[in-house]
2 protein chains.
Amino acid sequence: MNLNNYNSEDKVLLAVDCIIFGFDGEDLKILLIKRNFEPERGKWSLIGGFLKREETLHDAASRILNYLTGLDHIYMEQFYSFSEVNRDPGERTVSVSYYALINIEDHNEQLNKEFSAEWFSVSEMPNLIFDHNQMVDMAIKRLRYRASTKPIGFELLPEKFTMKQLQKLYESILNTKLDKRNFISKINGLDILIRLDEKETESSKRGSYLHTFDKEKYSKKTNEGFVFKI
Amino acid sequence: MNLNNYNSEDKVLLAVDCIIFGFDGEDLKILLIKRNFEPERGKWSLIGGFLKREETLHDAASRILNYLTGLDHIYMEQFYSFSEVNRDPGERTVSVSYYALINIEDHNEQLNKEFSAEWFSVSEMPNLIFDHNQMVDMAIKRLRYRASTKPIGFELLPEKFTMKQLQKLYESILNTKLDKRNFISKINGLDILIRLDEKETESSKRGSYLHTFDKEKYSKKTNEGFVFKI
DNA sequence: TCAAAAGTGTTCACCGTACACCCATGG
DNA sequence: CCATGGGTGTACGGTGAACACTTTTGA
């Protein structure tokens with residue numbers, strides 16, 4: 001083991017696999033594609049690709065996400081690298097996994113057709129190729145942790161949302177029921193939302209106030225030592 | 001971007017770098033080696049090596065750790081992969097980072113001489129090669145989180161330890177002062193230590209009780225829904 | 001007898017949680 | 001006028017944090 005002769009060392013293919021989370025107002029969902037090539041043709045899979053020589057892992061993940069969704073500046077986080085020797089029967093491949101959060105409404109439905117992509121509830125995952133189910137499990141755990149310490153939930157919601165939507169989102173991320181009154185007073189206590197004068201009237205006669213996430217206020221509070229915690 | 005021709009994809013060197021934590025009774029420390037080869041000969045560095053074709057990342061980290069410390073079954077956790085294109089001027093290399101916890105007493109001092117290795121307090125890190133300082137920062141953050149949710153602190157202590165040692169350990173991991181009475185009653189509340197009838201008498205005339213971590217009890221409690229939290 | 005570290009409880013403020021009723025509106 | 005979902009406040013228990021004195025013993 002001597003670092004000074006790089007040449008004698010093995011090189012490997014480095015894959016980047018992405019768990020794309022979305023929220024439809026009821027359930028936390030993941031976007032999967034049906035593989036149209038071997039190995040494992042016809043099975044459900046995460047989207048992925050290979051790291052190119054001149055890009056970072058972050059660049060690769062962005063490129064892959066953009067390719068499938070058409071979106072830029074997607075929130076994402078790298079969470080683990082998977083390296084079982086035979087995880088990909090095609091060739092020795094190590095996979096670096098990212099999860100990504102997108103607003104399901106921004107997403108181009110057309111692209112789903114093109115790639116045979118579909119949204120699946122996290123509670124109804126099909127069997128995926130390779131170790132992708134394990135990746136999904138780990139992504140959910142990481143998302144759960146992150147969403148309770150950083151206000152990333154808003155990445156999954158439209159710009160304007162109701163308190164009910166926000167609560168449902170957290171319920172599906174955390175996989176629990178929350179008490180409406182406690183949830184709202186906790187959120188209000190954080191003081192990082194703006195209640196608009198607009199109401200959403202589709203789901204009820206009375207209508208419910210729309211809110212937006214106040215990014216500036218959040219940054220300012222964070223700089224002053226405020227810690228987001230749900 | 002088509003996954004079906006693996007052959008046209010770039011391969012990269014995959015390094016594994018290890019942050020080895022130890023605790024000397026006062027400070028949290030990291031084991032570094034002085035590089036004796038180019039590039040960056042003579043500078044301080046984490047220990048690392050390259051992934052071989054027939055091993056997992058976990059295997060590689062174990063192998064590298066064993067090579068430097070002589071120890072097996074070291075507690076470790078993978079925490080991030082670093083991929084800046086020019087992070088290693090020698091060649092395009094992606095590095096997967098692990099942190100490891102060892103009992104500083106088990107460690108063979110002889111090996112330190114052999115590898116020009118030295119323990120450094122985390123508060124007095126020298127400049128390291130490449131992006132290794134960034135790796136250390138991230139490792140400390142992850143360790144901090146992990147140590148507050150899993151009883152991994154004991155990996156850094158001898159089999160038998162005093163409450164004071166345990167408190168000092170947590171103080172150095174969390175980089176805070178803790179109140180002795182609150183700390184002890186919290187630990188006792190967890191009910192996962194065994195107080196031995198032995199005393200340690202080196203640091204005081206009165207002597208202080210030695211304790212061990214009760215692994216079985218902890219597993220049992222964990223299975224029953226108990227959650228470690230400090 | 002004294003210095004030095006070990007060991008031990010209580011109080012208070014705050015937070016998380018449980019819990020139920022009135023309001024506004026469209027049909 | 002009524003059915004439906006929206007919006008709001010309080011009481012209680014538990015946890016985290018602040019805080020000081022007594023005990024032991026070797027020198």
Side-chain angles (χ1 to χ4, degrees), chain A residues 25-26 144-145 147-149 157-158 160-212 221 225-230, chain B residues 25-26 144-145 147-149 151 153 157-158 160-212 221 225-230:
Chain A
E26 285 298 323
R144 228 165 248 171
Y145 168 64
S148 66
T149 53
L157 290 173
K160 302 173 181 181
F161 51 86
T162 64
M163 279 294 189
K164 178 126 190 195
Q165 286 174 296
L166 187 61
Q167 184 182 341
K168 286 236 173 200
L169 172 63
Y170 274 95
E171 286 179 336
S172 47
I173 291 176
L174 303 173
N175 195 31
T176 48
K177 277 277 156 208
L178 299 171
D179 180 85
K180 181 171 57 158
R181 287 158 292 183
N182 292 338
F183 180 77
I184 290 177
S185 58
K186 187 171 223 167
I187 296 292
N188 284 335
L190 295 174
D191 187 29
I192 53 176
L193 293 190
I194 300 170
R195 189 171 88 168
L196 305 173
D197 285 329
E198 278 174 84
K199 288 196 167 190
E200 185 272 346
T201 50
E202 281 186 28
S203 60
S204 77
K205 298 162 181 169
R206 182 174 170 180
S208 48
Y209 284 109
L210 288 166
H211 300 74
T212 56
K221 292 182 70 132
F226 165 78
V227 181
F228 180 89
K229 185 84 190 64
I230 267 188
Chain B
E26 284 299 323
R144 227 164 249 172
Y145 168 64
S148 65
T149 53
L157 290 172
K160 302 173 182 181
F161 51 86
T162 65
M163 279 294 189
K164 178 128 192 192
Q165 285 175 296
L166 186 62
Q167 183 182 343
K168 285 235 174 201
L169 171 63
Y170 274 95
E171 286 179 337
S172 47
I173 291 176
L174 303 174
N175 194 31
T176 48
K177 278 276 156 209
L178 299 171
D179 179 84
K180 180 171 55 158
R181 289 158 290 183
N182 291 339
F183 180 77
I184 290 177
S185 59
K186 187 171 223 168
I187 296 291
N188 285 335
L190 295 175
D191 187 30
I192 52 176
L193 293 190
I194 300 170
R195 189 172 89 169
L196 304 173
D197 285 332
E198 279 174 84
K199 286 196 167 189
E200 184 272 346
T201 50
E202 281 186 26
S203 61
S204 77
K205 296 161 184 173
R206 181 174 172 180
S208 48
Y209 284 108
L210 288 166
H211 299 74
T212 57
K221 291 180 69 130
F226 166 78
V227 180
F228 179 90
K229 185 84 189 63
I230 266 187

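Chain identifiers are assigned alphabetically (A, B, ...) following the order of the sequence lines, protein sequences preceding nucleic acid strands; residue numbering begins at 1 within each chain.
The stretch residues 166-182 of chain B touches DNA chain D through B:D179, B:R181, B:N182, each having a heavy atom within less than 4.0 Å of the strand. Within a heavy-atom distance below 4.0 Å of DNA chain C, the residues of residues 198-209 of chain B found are B:S203, B:S204, B:K205, B:R206, B:G207, B:S208, B:Y209.
Along DNA chain D, the stretch of nucleotides lying under 4.0 Å from any heavy atom of chain B spans, 5' to 3', D:dA17 to D:dG26.
For A:G207 against A:T201, the heavy-atom pair with the smallest separation is CA-CG2, 3.9 Å. Closest non-hydrogen pair, A:F226 versus A:F228, comes out as CE2-N, 3.9 Å. Listed here is the closest heavy atom pair of B:I173 and B:R144: O-NE, 2.8 Å. In plain terms, the two heavy atoms of B:E26 and B:K168 that are nearest each other are OE1-NZ, 3.2 Å.
Residues passing the side-chain contact (heavy atoms from CB on, under 4.5 Å) test with A:K205: none are found, sequence neighbours excluded. Residues satisfying the side-chain hydrogen bond (donor to acceptor under 3.5 Å, both in side chains) criterion with A:K164, sequence neighbours excluded, are absent altogether.
Residue pairs meeting the salt bridge (charged side-chain N to carboxylate O under 4.0 Å, His left out) criterion with at least one member in residues 192-203 of chain B, sequence neighbours excluded: B:K160-B:E198.
A:F183 and A:Y170 have tilted rings, their planes meeting at an angle from 30° to 60° on a 0 to 90° scale.
A:K221 contributes a side-chain N or O that, together with a main-chain N or O of A:L190, makes up a donor-acceptor pair within less than 3.5 Å. Formation of a donor-acceptor pair under 3.5 Å by the B:T149 side chain with backbone atoms of B:Y145 is found in this model.
As rounded to whole Å, 11 Å separates atom P of C:dG9 from atom CG of B:N188. Between B:K164 atom NZ and C:dA4 atom P the separation is 13 Å, expressed in whole Å. Atom C1' of nucleotide C:dC19 and atom CD1 of A:I184 are separated by 15 Å, given to the nearest angstrom.
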